[in-house]
Amino acid sequence: MEWLKAVQRLREQRVPGVLVTLTSVRGHSPREAGAKMVVSADRTWATVGGGNLEAVAIERARAMLTDGLSTPESMKVSLSDKAPYQHGVQCCGGEVELLLEPLPVVPSVAVFGMGHVGVELARILARHDLELHLVDSRAAQLSPEHLRGLDDAVAGVHVHQVPVLPELVIGELPEGTHVLIMTHDHAEDAALCDAALRAGHLGSIGLIGSSAKWSRFRAKLADEGHVPEAIARITTPIGLPDLGGKEPATIAVSVAARLLQLFAGDPAKTEQQSR
């Protein structure tokens, strides 16, 4: 189905759109109830009937995109030559109802390190509508057995097994991806922090670890040419500041909750408040 492929394409390309469905038909209509089309800012896929009906739907869908609306809307269109029209007469004689459902760009998260905390965090995030990238330099940490808890994931799960230089994955991540660095190797963590700061397309950057670790990392990143304002983009410790505990599941819940707060608000404002 063309409309379904279009929905998948928009999600993969991180482009917002609107799914338009012909929900009911009274009298005569060019298409039957259930017909669908997809609208983006500059393109459409499939059809709900053409003519004034379709043009009105496209116009409203693009207005919804411009306004950043996230709530579905219903609209009725009369197919009578006596009805007001905006884009030409369409006199099939019926009346139709359309449902316009926004298709937002879902959040993207990359977790570097599938150790105890990483796996627990992946389990939680996988229950949400987002794109989840899991990265580890150790093949066993990304095996189906190790990630069995993600079998029923709602999220789109992308596994990146990179034996050498996992920081190269940074450049492949989608625009706006939130990065969490929690590998088994502090040298690997440091390389990832450096790569993340050099990338210009990421969302927030989080690093797991102690204040002593961060003190060493901050000095190392400065030596590598990063200015204080850039280094301040890295948030550490990660998670909710008021939720204590060192158990992997507790840390994972804390980090996931902080991410969900970030998704729900203004990313720039939320990131500043977390420091």
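Worth saying up front: this structure is predicted, and the values here are computed from it rather than measured.
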Quick check: is V157 connected to L180 through a chain of hydrophobic side chains (ILVMFWY, heavy atoms under 4.5 Å apart)?
yes
Can you list the residues that meet the salt bridge (Lys or Arg N to Asp or Glu O under 4.0 Å) rule with E73, with sequence neighbours excluded?
R60
Given the rule in the side chain to side chain donor-acceptor pair (under 3.5 Å) test, do H201 and E175 qualify, once you have shown the distances and angles that lead to the verdict?
CA-CA 5 Å; H201 68 291; E175 184 82 21; 5.6 Å; no
Is there a chain of hydrophobic side chains (I, L, V, M, F, W, Y, each step under 4.5 Å between heavy atoms) that links L260 to L121?
yes
Under the side-chain contact (heavy atoms from CB on, under 4.5 Å) test against L69, which residue among T66, T71, D67 passes?
D67
For R14, all residues meeting salt bridge (Lys or Arg N to Asp or Glu O under 4.0 Å), sequence neighbours excluded
none
For this output row, return yes or no: ring centroids of F112 and H133 closer than 6.0 angstrom.
no
Are V159 and V119 joined in one hydrophobic group, where the rule is that I, L, V, M, F, W and Y side chains link up if heavy atoms are under 4.5 Å apart?
yes
Which distance, rounded to the nearest 0.5 Å, do you find between the CG of L130 and the OG of S108?
8.0 Å
With sequence neighbours left out, what residues match T44 under side chain to side chain donor-acceptor pair (under 3.5 Å)?
none
Starting from W3, can I reach M64 by hopping between I/L/V/M/F/W/Y residues whose side chains sit under 4.5 Å apart?
no
Taken to the nearest 0.5 Å, the spacing of E2 CD from M37 CE works out to 9.5 Å
Just verifying a value: how many Å separate E54 CD and T47 OG1, rounded to the nearest 0.5 Å?
3.5 Å
Would you check, one step at a time, whether the test salt bridge (Lys or Arg N to Asp or Glu O under 4.0 Å) holds for E120 with R123?
CA-CA 5 Å; E120 294 289 351; R123 286 173 177 165; 3.4 Å; yes
Residues which pass side chain to side chain contact (heavy atoms under 4.5 Å, CB included) with V227, listed by chain and number, not counting sequence neighbours:
E229, A230
Can you list every salt bridge (charged side-chain N to carboxylate O under 4.0 Å, His left out) pair that touches residues 124-141, not counting sequence neighbours?
R11-D129, R11-E131, R127-D152, D136-R138
Establish whether M75 and L53 are linked, either directly or via other cluster members, by ILVMFWY side-chain heavy-atom contacts under 4.5 Å.
yes
With sequence neighbours left out, the residues meeting salt bridge (Lys or Arg N to Asp or Glu O under 4.0 Å) with E188 are none
